[in-house]
Visitor: 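Could you have a look at this structure, given as structure tokens, before my questions?
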Amino acid sequence: MGHPYAPAELDLPGFVPLKLSQAEILVSYLGASLFVLLAVWLVSGRCGRLSKTDRLLMCWWAFTGLTHIMIEGPFVFTPDFFKKENPNFFDEVWKEYSKGDSRYVARDAATVTVEGITAVLEGPASLLAVYAIGSRKSFSHILQFAVCLGQLYGCLVYFITAYLDGFNFWVGPFYFWAYFIGANSFWIWIPMLIAIRSWKEICAAFQAEKVKTN
């Protein structure tokens, strides 16, 4: 049976076509994401006098942490997701996303490695950042800075390996811009902004400590 991915000669024995439509997948994912963001925003309002920026950061870290664990995790540990006769929602997500990057359905080693590190390390660390911000832990900014660097490094590897491997993994312009570029861009500009903010906070804390000891 054929498949909808690029390049056309990609060999996917046992491929089972999508059973959910693009709209069903995107609406479900976006709806769940909005629910998480709203829930964390409301809960963060009960965590004492947090700034709006800190509350927004809690929303982001909850969203990205759950995405890493619940979306990327199943991809890493389910190598046969595209062969399942009775796929679950996460299998369908990756079959749909692979229209924008067929390295996922092809189980490209570099892609699986990056996603594995992201799911196992950065996912839990992101959820720890939610707790750290809400509890005003002293390690909050160091943790956020470290996770941001990890996310940015992962994105660099993701895009550079795509370029080196031929840059031909999407079925059309829509999937290139919406999936390959658009969906991943959030994990570039948001971590960059957070990393800059945390860097400034860390430097300010060290400077204040230096002044105290002089």
Visitor: Using the ring pair (Phe, Tyr, Trp, His ring centres under 6.0 Å) rule, collect all pairs that involve residues 37-62, keeping only residues at least two apart or in two chains.
Guide: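 For residues 37-62: Trp60-Phe63, Trp60-Trp187.
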Visitor: Side chain to side chain donor-acceptor pair (under 3.5 Å), that's the test. Do Ser140 and Glu201 meet it? Break it down for me.
Guide: CA-CA 10 Å; Ser140 173; Glu201 292 289 342; over 6 Å; no
Visitor: Indicate yes or no: at least one non-hydrogen side-chain atom of Thr78 is less than 4.5 angstrom from one of Lys84.
Guide: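 Yes, their side chains come closer than 4.5 Å.
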Visitor: Can the ring centres of Phe89 and Tyr29 be said to be less than 6.0 Å apart?
Guide: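 Not under 6.0 Å, so no.
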Visitor: Quick one: list whatever passes side-chain hydrogen bond (donor to acceptor under 3.5 Å, both in side chains) with Arg107, sequence neighbours left out.
Guide: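 side-chain hydrogen bond (donor to acceptor under 3.5 Å, both in side chains) check on Arg107 returns nothing, list empty.
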Visitor: Measuring only between side-chain heavy atoms, which start at C-beta, is Leu127 closer than 4.5 Å to Ile69?
Guide: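 With C-beta onward as the side chain, the pair touches.
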Visitor: Could you walk me through whether Arg103 and Thr161 pass the side chain to side chain donor-acceptor pair (under 3.5 Å) test, one step at a time?
Guide: CA-CA 10 Å; Arg103 293 180 298 170; Thr161 53; 3.0 Å; yes
Visitor: Go through the steps for Leu128 and Val147 under the test side chain to side chain contact (heavy atoms under 4.5 Å, CB included), then give the verdict.
Guide: CA-CA 10 Å; Leu128 179 60; Val147 179; over 6 Å; no
Visitor: Report yes if some heavy atom in the side chain of Ile71 is under 4.5 Å from a heavy atom in the side chain of Leu66; otherwise report no.
Guide: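 Sidechains of Leu66 and Ile71: no contact.
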Visitor: Please tell me if the side chains of Phe159 and Asn184 come closer than 4.5 Å, counting only heavy atoms from C-beta onward.
Guide: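 SC-SC contact between Phe159 and Asn184 confirmed.
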Visitor: Where does the angle between the aromatic ring planes of His3 and Tyr5 fall among parallel (under 30°), tilted (30 to 60°) and perpendicular (over 60°)?
Guide: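 His3 and Tyr5: parallel rings.
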Visitor: Report yes or no: does Gln151 contribute a side-chain atom to a donor-acceptor pair with the main-chain N or O of Pro191 at less than 3.5 Å?
Guide: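 The answer is no, because no donor-acceptor pair under 3.5 Å joins these two groups.
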Visitor: Between Lys19 (side chain) and Glu85 (backbone), is there a donor-acceptor pair under 3.5 Å?
Guide: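 Looks like yes, one N/O pair under 3.5 Å.
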Visitor: Any heavy-atom pair between the side chains of Trp189 and Leu193 that's under 4.5 Å?
Guide: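 Yes, close enough: below the 4.5 Å cut-off.
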Visitor: So, does Asp108 use its side chain to make a donor-acceptor pair with the main chain of Thr111 at under 3.5 Å?
Guide: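 Between the backbone of Thr111 and the side chain of Asp108 there is a qualifying donor-acceptor contact (under 3.5 Å).
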Visitor: Please test Glu122 against Ser126 for side chain to side chain donor-acceptor pair (under 3.5 Å), starting from the C-alpha separation and ending with a verdict.
Guide: CA-CA 6 Å; Glu122 295 172 16; Ser126 296; over 6 Å; no
Visitor: Under a 4.0 Å N-O cut-off, is there an ion pair linking Arg49 with Asp54?
Guide: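 A salt bridge is absent here (no side-chain N lies under 4.0 Å from a carboxylate O).
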Visitor: Between Lys95 (side chain) and Val16 (backbone), is there a donor-acceptor pair under 3.5 Å?
Guide: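 Yes, the answer is positive, given that a donor and an acceptor are paired below the 3.5 Å cut-off.
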Visitor: Heavy atoms, side chains only, cut-off 4.5 Å: are Trp170 and Tyr179 in contact?
Guide: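 No, side chains not in contact.
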Visitor: What I'd like to find out is whether the side chain of Pro87 reaches to under 4.5 Å of the side chain of Trp94, using heavy atoms alone.
Guide: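 The answer is no; the side chains never approach within 4.5 Å.
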Visitor: Look at the aromatic rings of Phe176 and Phe167 and report parallel, tilted or perpendicular, splitting at 30° and 60°.
Guide: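 Rings of Phe176 and Phe167: perpendicular, over 60°.
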Visitor: Are Phe169 and Tyr175 close enough that their ring centers fall under 6.0 Å?
Guide: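 Here the rings of Tyr175 and Phe169 have centres that are no less than 6.0 Å from each other.
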Visitor: Kindly check if the number of other-residue, nucleotide or ligand heavy atoms within 6.0 Å of CZ (Phe90) is above 12?
Guide: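 Check passes, neighbour count above 12.
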Visitor: Please confirm whether the backbone N or O of His68 pairs with a side-chain atom of Thr118, one donor and one acceptor, at under 3.5 Å?
Guide: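 Not a single qualifying donor-acceptor pair exists.
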Visitor: Using the ring pair (Phe, Tyr, Trp, His ring centres under 6.0 Å) rule, pick out the option among Phe81, Phe180, Tyr104, Phe75 that qualifies with Tyr97.
Guide: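 Of Phe81, Phe180, Tyr104, Phe75, ring pair (Phe, Tyr, Trp, His ring centres under 6.0 Å) with Tyr97 is met by Tyr104 alone.
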Visitor: Would you say Asn86 has more than 12 foreign heavy atoms packed within less than 6.0 Å of its CG?
Guide: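 Counting neighbours around CG of Asn86, 12 or fewer heavy atoms of other residues, nucleotides or ligands fall under 6.0 Å, so no.
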